[in-house]
> 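Below is one structure. I have some questions about it.
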Protein chains: 2
Amino acid sequence: MTKDHENELTKERILNEAEILFAQKGYKSVNIREITKAANCNLAAVNYYFGSKKNLYLDIFRSRWMARAKRLQEFFKSSLGSISPNSPAKIVEALAYTFLKGPLSEEERHRHHQLIAREMAQPTEALEMIIDQMIKPFIKELSDMLLPSMSKDVTKEELILNILSMFAIVLYFNFARKAVTSIINRPYDSEFKTKLIEHIINFSLYGLSGSQKEELK
Amino acid sequence: MTKDHENELTKERILNEAEILFAQKGYKSVNIREITKAANCNLAAVNYYFGSKKNLYLDIFRSRWMARAKRLQEFFKSSLGSISPNSPAKIVEALAYTFLKGPLSEEERHRHHQLIAREMAQPTEALEMIIDQMIKPFIKELSDMLLPSMSKDVTKEELILNILSMFAIVLYFNFARKAVTSIINRPYDSEFKTKLIEHIINFSLYGLSGSQKEELK
DNA sequence: ATGTGTATAAAACATTTGTTTAAATGTCAA
DNA sequence: TTGACATTTAAACAAATGTTTTATACACAT
């Protein structure tokens with residue numbers, strides 16, 4: 001097949017299956033034979049299309065992960081509407097909804113957060129790209145949105161720490177599902193996720209005081 | 001050397017070096033040759049003392065990680081003092097201090113959280129043990145401490161979610177250091193950690209509202 | 001000193017794994 | 001149909017890796 005006809009079926013299948021496997025098991029634990037087997041193609045296809053296993057991994061971040069992150073940010077922005085300035089409550093609600101329900105399927109969301117969690121635990125070139133091109137700009141936007149509502153003596157750095165803490169929670173409940181379901185002792189189903197969103201919004205806005213007795217606050 | 005004399009030097013050295021390497025690079029990315037080289041012993045020593053690489057990994061959790069987790073919990077409890085009941089503020093302060101300063105060295109703390117983060121992303125037998133023997137009992141204790149201060153309509157499950165969110169933040173700032181320092185654009189030094197503790201306490205207690213303008217709360 | 005069990009050492013082994021090669025197959029334009 | 005190029009396939013390769021084996025060194029009770 002010629003390039004013109006763009007039969008990328010094989011290449012696409014490899015990207016799809018490899019992403020699933022890397023998310024599930026991590027880079028080192030996945031071998032090319034199981035990728036090509038899952039993608040129903042020959043062993044040599046990975047090196048033929050991507051040059052190396054390492055580069056396939058990076059390509060997944062370049063072509064798949066980044067696109068999805070962009071989708072998430074677009075979804076977040078459009079779900080905020082055009083009313084500006086937005087209250088912190090609205091922003092947090094939109095964030096929690098976007099990253100726990102939102103445009104991604106359950107499997108996609110899980111994959112997305114598994115991959116980024118692995119990168120954060122053990123950074124490769126991919127992390128630098130993600131931080132520079134996606135995370136930093138997004139945090140900048142969020143900072144600008146939140147800043148008008150913040151107390152004067154809150155520094156930019158403190159604001160960023162607040163944003164990171166929200167993401168830390170979202171990340172945790174997405175990538176540590178096994179631990180969460182085992183500790184909470186209930187399945188990670190749609191009903192639980194609804195409770196989770198409610199919790200994350202409440203905790204991000206008010207912390208423990210959001211659950212405390214009125215007279216103690 | 002006989003068993004009586006307990007020359008565990010080699011075995012101990014292997015445990016020490018292997019833990020460092022597993023924390024840094026993950027199970028699959030560490031090979032026995034680099035462990036035994038770091039521990040200054042023969043290649044066969046791992047299989048001689050531990051039977052297999054897998055079992056060495058599990059032994060690290062059994063003998064090292066669990067002991068350290070216990071140390072942390074003891075430190076937390078003793079830093080709370082015997083005054084009971086404790087306010088949520090006191091509890092959160094003691095938690096943040098214990099897990100970000102506290103009894104562990106910087107390297108130990110980093111290792112500790114790297115290992116548990118990896119287990120949560122990709123559970124092995126170790127995670128079940130950790131959850132059953134350490135995390136669940138600790139969460140139970142914290143729940144009992146916090147419950148008296150909670151609003152009547154807060155369920156036990158919601159309380160656990162609150163506790164997990166606090167740990168999610170602590171975990172994140174400990175295991176994702178590279179990402180954090182890159183985003184914040186400052187080194188992960190003692191000064192930063194002091195700010196971090198302050199932030200975690202404030203965010204865990206009051207969320208974003210702890211940084212908002214008074215008139216907007 | 002001798003024998004017994006422990007510990008260390010070096011080498012060998014069998015798999016696994018990423019990559020390369022070379023041949024075969026397929027596609028399409030001229 | 002033919003030639004040129006893209007794709008697929010099977011086989012081979014070299015390096016890495018967990019484990020086992022066999023021999024040697026060591027410590028200590030008898």
Side-chain angles (χ1 to χ4, degrees), chain A residues 1-63 115 118-119 122 124-126, chain B residues 1-63 115 118-119 122 124-126:
Chain A
M1 284 169 187
T2 66
K3 256 187 201 168
D4 304 6
H5 285 213
E6 289 283 338
N7 180 358
E8 298 183 335
L9 283 176
T10 301
K11 197 176 176 184
E12 293 297 311
R13 280 203 314 276
I14 291 174
L15 281 168
N16 291 338
E17 300 300 328
E19 186 185 17
I20 293 172
L21 288 165
F22 283 142
Q24 278 177 347
K25 310 168 65 172
Y27 179 77
K28 208 54 190 327
S29 299
V30 177
N31 64 59
I32 296 186
R33 279 162 183 84
E34 68 185 309
I35 293 174
T36 52
K37 200 173 169 186
N40 245 308
C41 65
N42 187 269
L43 169 64
V46 163
N47 288 280
Y48 178 74
Y49 282 109
F50 300 94
S52 69
K53 180 191 175 186
K54 183 86 202 172
N55 201 51
L56 163 60
Y57 177 79
L58 293 175
D59 255 28
I60 287 169
F61 277 92
R62 285 190 278 255
S63 73
L115 287 171
R118 287 184 196 288
E119 270 298 317
Q122 207 168 347
T124 73
E125 304 161 50
Chain B
M1 286 170 187
T2 65
K3 257 188 199 168
D4 304 7
H5 286 213
E6 290 283 339
N7 180 357
E8 296 183 335
L9 283 176
T10 300
K11 196 176 177 185
E12 293 297 310
R13 280 202 316 275
I14 292 174
L15 282 167
N16 291 338
E17 300 299 328
E19 186 184 18
I20 293 172
L21 288 165
F22 284 141
Q24 278 176 348
K25 311 169 63 172
Y27 178 78
K28 214 32 185 353
S29 299
V30 177
N31 64 59
I32 296 187
R33 279 164 183 82
E34 68 184 309
I35 294 173
T36 51
K37 200 173 168 186
N40 246 306
C41 65
N42 187 268
L43 170 64
V46 162
N47 288 279
Y48 179 74
Y49 282 108
F50 301 94
S52 70
K53 179 190 177 189
K54 183 86 201 170
N55 201 53
L56 163 60
Y57 177 79
L58 293 176
D59 255 27
I60 286 169
F61 277 92
R62 286 189 277 255
S63 72
L115 287 170
R118 288 184 195 288
E119 270 297 316
Q122 207 170 347
T124 72
E125 303 161 51

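Quick note: numbers below take in every heavy atom, side chains included, and nothing from hydrogens, waters or symmetry partners. In what follows, chains are A, B, ... by sequence order, proteins preceding strands, each numbered from 1.
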> For A:Tyr27, enumerate each residue passing the ring-ring contact (aromatic ring centres under 6.0 Å, His included) test, keeping only those at least two apart in sequence or located in another chain.
A:Phe22, A:Tyr57

> Quick check: do B:Thr36 and B:Glu17 have side-chain heavy atoms less than 4.5 Å from each other?
no

> So which nucleotide from D:dA10, D:dA6, D:dT19 ends up closest to the side chain of B:Asn47?
D:dT19

> N/O contacts under 3.5 Å, protein versus nucleotides 21-23 of chain D?
none

> Taking salt bridge (Lys or Arg N to Asp or Glu O under 4.0 Å) as the definition, give me every residue that meets it alongside A:Glu19, ordered by chain and number, with sequence neighbours left out.
A:Arg68, A:Arg111

> Check the phosphate of D:dT8 against A:Tyr49, side-chain N and O only, distance under 4.0 Å to OP1 or OP2. Yes or no?
yes

> A:Gln24: which residues meet the side-chain hydrogen bond (donor to acceptor under 3.5 Å, both in side chains) condition with it, sequence neighbours left out?
none

> Partners of B:Lys25 by salt bridge (Lys or Arg N to Asp or Glu O under 4.0 Å), sequence neighbours excluded?
B:Glu34

> Rounding to an integer number of Å, can you tell me how far B:Ile35 CD1 sits from D:dG18 P?
8 Å

> Tell me which pairs pass side chain to side chain donor-acceptor pair (under 3.5 Å) where either residue lies in residues 38-47 of chain A, with sequence neighbours left out.
none

> Take atom CD1 of A:Ile14 and atom C1' of D:dT8, then tell me their distance rounded to the nearest Å.
11 Å

> Please list, by residue number, the residues of residues 50-60 of chain A whose heavy atoms come closer than 4.0 Å to an atom of DNA chain C; answer none if no residue qualifies.
A:Ser52, A:Lys53

> Which atom pairs link the protein and nucleotides 12-14 of chain D when you take only N or O atoms and keep those under 3.5 Å?
none

> Flag this pair as yes if the NZ/CZ of B:Lys11 is under 6.0 angstrom from the six-membered ring centre of B:Tyr48 and inside a 45 degree cone about the axis; otherwise no.
no

> When you measure from every atom of DNA chain C, which of residues 19-31 of chain A have a heavy atom less than 4.0 Å away?
A:Val30, A:Asn31

> Among all residues two or more places apart in sequence or in another chain, which pass the side-chain hydrogen bond (donor to acceptor under 3.5 Å, both in side chains) test with A:Arg62?
A:Asn55, A:Asp59

> B:Gln122: which residues meet the side-chain hydrogen bond (donor to acceptor under 3.5 Å, both in side chains) condition with it, sequence neighbours left out?
A:Arg118

> With sequence neighbours left out, write down each residue that passes side-chain hydrogen bond (donor to acceptor under 3.5 Å, both in side chains) with B:Asn16, or none if nothing qualifies.
B:Arg64

